[in-house]
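All chains are named by letter (A, B, ...) in the order of the sequence lines, taking the proteins before the strands, and each is independently numbered beginning at 1.
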Amino acid sequence: MNLLSQAGHQLPDAFRKLDPRHLWRAPVMFLVLLGSVATTVAAVGDPSVFTISIAAWLWLTVLFGNLAEAVAEGRGKAQAASLRATRTDTVARRLAPDGTETEVAATQLKVGDRVVVEAGEVVPGDGDIVEGIASVDESAITGESAPVIREAGGDRSAVTGGTRVLSDRIVVRITAAAGDTFLDKMIALVEGTSRRKTPNEIALSILLASLTLVFLAAVATLAPMATYAGAPQDLVVLVALLVCLIPTTIGALLSAIGIAGMDRLVRVNVLAMSGRAVEAAGDVSTLLLDKTGTITYGNRQASRFVAAPGVSEEELRDTARLASLADQTPEGRSVVELALTQGADDRLLPAGATFVEFTAQTRMSGVDLADGTQVRKGAGSAVAQWLGIDQPPEVRDVVEEVSREGGTPLVIGRTDASGSGAVLGVIHLKDVVKDGMVARFAELRAMGIRTVMITGDNALTAQAIAAEAGVDDFLAEATPEDKMAYIRREQEGGRLVAMTGDGTNDAPALAAADVGVAMNSGTAAAKEAGNMVDLDSDPTKLIDVVEIGKQLLITRGALTTFSIANDVAKYFAIIPAMFVTAYPSLDRLNVMGLSSPESAILSAVVFNALVIVALIPLALRGVRFRAASATSVLRRNILVFGVGGLVVPFVGIKLVDLIVSTLPGLGS
Amino acid sequence: MSDATSGLLTIAVLVALLAAAYVPLGDYMARVLTSTRHLRVERTVYRLTGVDPAAEQGARSYATSVVGFSLVSVVVLMAILLGQAHLPMSRDLPGMPWWMSFNTAVSFVTNTNWQSYAGESTLGFAAQMAGLAVQNFLSAAVGIAVAVALLRGFTKSRSGTLGNFWVDLTRATVRILLPLAFVAALLLVLGGVVQSFTDTTITTLAGHSQVLTGGPVASQESIKELGNNGGGFFNANSAHPFENPTALTNLLQVFLILVLPVALTRTLGTMLGNRRQGLAVLSVMGLLWSVSLAVTTWAEVGGHSAAARAAGAAMEGKETRFGEWASALFAVATTGTSTGAVNASHDSLTPAGGGAVLVNMMLGEVVPGGVGAGLYGILVMAILTVFVAGLMVGRTPELLGKKISARQMTYVALYTLTTPALVLVGTGAAIARGSTADAMGNPGGHGFSEVLYAYTSAANNNGSAFGGITVTSDFFQLTLGLAMLLGRLVPIVLVLLLAGSLAAQGKVPVTAGTLPTHTPLFVGMLVAVLVVMTGLTYFPALALGPIAEALT
């Protein structure tokens with residue numbers, strides 16, 4: 001229903017697109033337009049239900065194609081309008097070198113200008129903060145309402161024009177001239193004004209054009225052949241045959257598919273700077289993923305308790321919880337959570353207890369209870385020193401084992417009022433792999449994509465996490481140069497590489513990667529270097545980007561296959577209808593049992609037009625994509641769109657014929 | 001032994017012979033075409049022609065060589081045909097007329113061997129041997145050279161060259177065609193094919209005496225079949241008892257027709273280092289060929305036409321010593337390859353049988369296709385298939401590690417456009433002429449089939465004739481000649497440019513996300529693309545000819 005009302009809105013646009021100068025871009029539809037004109041002229045000269053119907057449905061065919069494109073564009077236009085609304089006539093406070101301020105329109109800012117922005121003001125243009133720190137509301141760009149902190153220096157210094165400073169005062173050095181800002185680019189992108197055909201789209205257009213030429217030759221030469229056979233054909237019939245044969249389905253939907261693909265990316269808050277990048281995403285065979293924040297949650301979490309000899313699991317668990325209750329660090333909270341999931345009760349900290357904070361000197365934190373009991377958790381050596389005893393060998397073994405696996409061991413020690421103390425056990429803290437990542441990597445592997453984890457950790461730690469997450473390879477203690485070298489190596493082997501990045505030092509690698517997704521929170525340099533920007537700054541989204549790229553290509557291929565397969569049934573409708581008078585035996589090809597030659601031809605034309613409408617939702621939504629190997633994806637799509645494309649029109653044309661044949665003069 | 005038993009046995013022996021030759025011959029050709037060593041005789045050829053065998057050619061240079069060589073060949077052959085009266089051993093025959101010599105020269109240079117003249121009564125031994133037979137070797141060698149250049153497009157990585165045309169041409173002739181043709185000629189002589197320079201005078205049943213022209217038939221015959229040429233020494237071609245005396249020589253000829261195109265798929269597998277790919281390509285060819293043979297045999301043996309039903313069998317236009325089975329087998333082999341030799345009159349085939357052999361050619365000569373031409377033809381269709389189907393796996397298309405982008409698609413699209421355009425425009429133009437109806441041997445749908453067959457045969461470089469139609473008018477000589485010339489050279493140039501653009505690319509590694517092209521699924525897809533594309537292109541024309549007739 002939603003789509004229907006969108007279609008209603010875009011109808012005027014669909015009519016505007018009848019302009020031959022526009023349709024020329026899609027040769028298949030341009031030919032249909034010529035056919036519509038020709039049949040209309042013929043229908044005026046020889047008006048009949050048949051000729052008028054054919055002419056009308058040919059116009060509808062062109063219109064439906066235009067409608068698909070208009071609806072696809074319409075979605076972006078709505079978004080562009082809301083973006084434009086945020087780009088108000090901002091006044092910039094330009095800072096002269098001597099420190100004086102002058103008010104100028106934001107549109108007059110030049111690269112290198114320095115402007116002051118204070119709480120409540122809108123940032124006049126893209127730039128880097130050179131002075132100060134501020135909280136910024138970026139919801140105009142990202143849709144995310146929580147403010148973010150931006151400060152001078154480092155990787156969080158970039159601000160975007162159109163966002164609003166909520167607190168404090170910053171000085172911004174403008175990095176993009178007016179008209180060339182991120183917001184401008186974004187508007188142009190979602191509106192599709194800068195849309196150009198992508199490489200694969202061009203290749204497909206070439207194929208469609210050649211098919212069209214073959215059919216043009218087949219139909220044009222059919223005229224003398226038909227005359228020889230004693231069944232000369234009217235222009236209307238020949239045009240109808242031609243339109244049914246040329247790949248109108250894919251020809252009409254091709255640009256809508258491309259626009260909708262970009263739109264799907266926009267919906268997950270990723271902006272692709274070119275359609276080329278979206279196609280490349282489908283081809284990616286190596287994904288470089290940052291460990292922290294992408295593969296793991298980014299902070300270490302308690303994963304298990306290992307009790308020392310003679311200490312019960314429960315005692316360790318409860319003591320560890322006690323020691324962490326007042327600890328507000330993520331690690332501390334994770335200990336409390338783990339204890340709860342393992343059956344600890346949720347008692348509050350007893351009265352009179354005091355929290356002992358972690359310091360770099362003690363390397364421990366903990367709690368002192370009113371009864372004189374003291375509990376500490378921290379590095380094994382620190383706790384042992386505090387207790388004044390050696391670590392029990394079993395505990396030392398556990399500590400070493402945890403370290404070897406890339407985790408962090410926290411030893412729990414306790415002294416009672418008498419001063420005698422003991423080591424209770426070890427909390428295993430580790431980098432926890434995000435939920436579902438193992439499964440996603442397995443999916444990616446099935447799709448033939450290698451995942452590579454990039455981390456600053458040492459090789460030992462990296463290996464442990466890589467094994468747990470199920471990535472195919474890892475790059476430990478990675479410097480930007482290492483990343484760059486890795487990308488080059490993969491590309492030399494013919495692989496396409498995708499990566500995410502946010503820092504200025506990521507920029508060269510982002511530029512080198514075939515798909516470089518820059519985080520919106522990152523620096524201007526990073527955003528400039530990448531060919532996509534993730535507004536949510538969520539590196540995990542790289543996987544979505546790959547899937548959307550694949551989905552785009554699949555949709556194109558599926559509808560091309562469907563379009564070509566459809567032709568078989570149309571021949572069985574039209575050819576017997578054309579020549580049954582000359583060669584009565586050809587009636588045996590009329591397998592659908594269509595009522596009369598005229599109704600058969602009209603039914604094929606009507607079906608041909610309706611199938612475009614019926615497939616608009618699929619073109620906009622994209623063919624359902626499941627991560628699987630090429631073979632199984634192919635088998636499914638061949639079945640649905642190849643075999644389906646052969647069978648569906650036989651049924652469809654028959655159904656249309658049942659209705660069309662009730663028109664006066666078209667029945668049997 | 002019943003006809004069916006002997007027919008099936010013949011097919012079984014044929015398949016067994018092809019299977020036996022597949023590996024050794026295919027691998028031998030791969031070795032010959034990739035070897036870095038030159039034979040002494042080859043070095044002599046290079047020295048005499050001033051060719052540097054070590055020089056590698058880019059796509060443009062390779063294509064220029066092929067086209068230049070072909071055009072020069074046309075001119076030389078035309079000169080021989082026009083001036084045969086001045087050549088020795090010409091049996092006092094006059095030179096060919098101008099347009100006929102153009103048509104014939106183009107025909108033999110393009111590996112078509114369409115014959116608008118009667119062999120034995122038009123050409124002397126000199127023209128047959130120094131003119132036609134030479135082109136029988138060279139045109140087949142050109143096909144192999146172009147196919148191997150395309151294969152190099154796939155095997156090479158970031159390379160600007162495709163090998164050396166002159167070396168490929170020389171090797172294909174000296175090391176592949178000449179020795180095989182020599183052995184084949186001996187076998188044919190053993191089987192009773194004539195090899196002499198004298199005529200035979202016989203007494204006919206009616207008591208008159210008749211002079212039967214003799215000649216160097218066996219040596220012409222072996223390369224005629226082996227090189228998929230098809231131009232007969234005699235007008236009756238392989239139906240003539242001096243060309244094809246027995247069922248055994250008939251089987252041998254069918255084997256010779258098929259052996260090189262079939263074995264070249266092994267060469268492909270070996271050169272690509274991917275034997276299963278070779279088998280997949282062979283499977284596509286084999287599948288279509290089997291269906292075509294089944295349909296033709298069913299139509300001929302069952303006598304599915306009004307005349308045949310009335311007569312009790314479809315023996316009109318067939319040799320009694322071959323019968324329906326061997327005639328159907330020969331017809332399918334000769335049209336599926338670009339041979340065009342015939343041992344029966346295709347005009348007299350039943351409508352369904354005639355339609356099937358017509359479709360064989362319309363498929364683009366890929367079941368299994370002409371020597372070399374079948375291989376590059378099917379590879380181009382494979383690219384078309386991966387382009388459509390490859391998208392459906394969610395990647396931009398690639399074949400054998402090479403990306404298929406706009407540039408490659410342009411060449412492929414033009415390739416697939418060329419032949420159908422020549423066939424359809426040629427047929428359409430001819431049928432629009434009032435005088436064409438007079439040239440036809442039959443009225444109505446069958447007459448139309450004769451014209452359609454002629455242009456299909458010419459543009460696809462097959463060369464077989466449906467017969468019936470008289471094609472000696474200047475219009476037919478010229479238009480069919482152009483169809484042959486363009487149908488040969490335009491696709492070759494496109495294939496070579498395609499090969500060049502592939503060779504220039506790096507290789508994309510195979511992953512689980514790659515569309516595998518050696519599986520039964522892909523074989524099925526390629527078959528479907530071939531059938532659907534051919535069907536869509538030619539269905540209207542076929543409906544007005546064979547289909548309308550067959551359904552009657």
Within-4.5 Å side-chain heavy-atom neighbours: [X] and [Y]:
{"X": "Pro540(B)", "Y": "Tyr571(A)", "result": "yes"}
{"X": "Tyr228(A)", "Y": "Arg433(B)", "result": "no"}
{"X": "Met409(B)", "Y": "Ile202(A)", "result": "no"}
{"X": "Asn200(A)", "Y": "Phe387(B)", "result": "yes"}

Can you tell me which of [options] forms the most heavy-atom pairs within a distance under 4.5 Å of chain A?
{"options": "Ile547(B), Ile404(B), Val388(B), Leu536(B)", "value": "Leu536(B)"}
{"options": "Ala421(B), Ala429(B), Ala389(B), Gly513(B)", "value": "Gly513(B)"}
{"options": "Thr410(B), Thr436(B), Leu384(B)", "value": "Thr410(B)"}

Taking every non-hydrogen atom, the tightest pair across [X] and [Y]:
{"X": "Ser285(A)", "Y": "Thr511(B)", "result": "CB-CG2, 4.4 Å"}
{"X": "Ala413(B)", "Y": "Ile206(A)", "result": "CB-CG2, 3.9 Å"}
{"X": "Ser405(B)", "Y": "Ala203(A)", "result": "C-CB, 3.8 Å"}
{"X": "Ala512(B)", "Y": "Ala446(A)", "result": "CB-O, 3.4 Å"}
{"X": "Val393(B)", "Y": "Ile554(A)", "result": "C-CG1, 3.9 Å"}
{"X": "Ile575(A)", "Y": "Ala543(B)", "result": "CG2-CB, 3.5 Å"}

Salt bridge (charged side-chain N to carboxylate O under 4.0 Å, His left out): pairs with one or both residues in residues 563-576 of chain A, sequence neighbours excluded:
Asp567(A)-Lys570(A)
Measure from the side-chain N and O atoms of [X] to the backbone N and O of [Y], and report whether any donor-acceptor pair falls under 3.5 Å.
{"X": "Tyr583(A)", "Y": "Glu549(B)", "answer": "no"}
{"X": "Ser210(A)", "Y": "Leu417(B)", "answer": "no"}
{"X": "Arg588(A)", "Y": "Leu551(B)", "answer": "yes"}

Counting heavy-atom pairs under 4.5 Å with chain B, which one of [options] comes out on top?
{"options": "Glu279(A), Arg495(A), Arg636(A), Glu201(A)", "answer": "Arg495(A)"}
{"options": "Thr227(A), Thr631(A), Leu204(A)", "answer": "Leu204(A)"}
{"options": "Thr560(A), Thr561(A), Leu552(A), Leu213(A)", "answer": "Thr561(A)"}
{"options": "Ala281(A), Ala558(A), Ala229(A)", "answer": "Ala558(A)"}
{"options": "Pro584(A), Ala217(A), Gly494(A)", "answer": "Gly494(A)"}

With a 4.5 angstrom heavy-atom cut-off, which part of Pro516(B) approaches chain A: side chain, backbone, both or neither?
side chain
Heavy-atom distances under 4.5 Å only: say whether Arg158(B) touches chain A with side chain, backbone, both or neither.
side chain
Residues two or more places apart in sequence or in another chain: which of them pass salt bridge (Lys or Arg N to Asp or Glu O under 4.0 Å) with Asp514(A)?
none
Contact part of Ile449(A) toward chain B, heavy-atom cut-off under 4.5 Å: side chain, backbone, both or neither?
neither
Relative to chain B, which segment of Glu492(A) carries a heavy atom at a distance below 4.5 Å: side chain, backbone, both, or neither?
backbone
Should Thr396(B) and Asp283(A) be marked as a side-chain hydrogen bond (donor to acceptor under 3.5 Å, both in side chains) after you check the CA-CA gap, both sets of side-chain angles, and the distance that decides it?
CA-CA 6 Å; Thr396(B) 56; Asp283(A) 278 349; 2.2 Å; yes
Pairing residues for Thr427(B) by the side-chain contact (heavy atoms from CB on, under 4.5 Å) criterion, not counting sequence neighbours:
Met225(A), Val423(B), Phe448(B), Val451(B), Leu452(B), Tyr455(B)
Which of residues 519-532 of chain B get closer than 4.5 angstrom to chain A, counting heavy atoms alone?
Leu521(B), Met525(B), Val532(B)
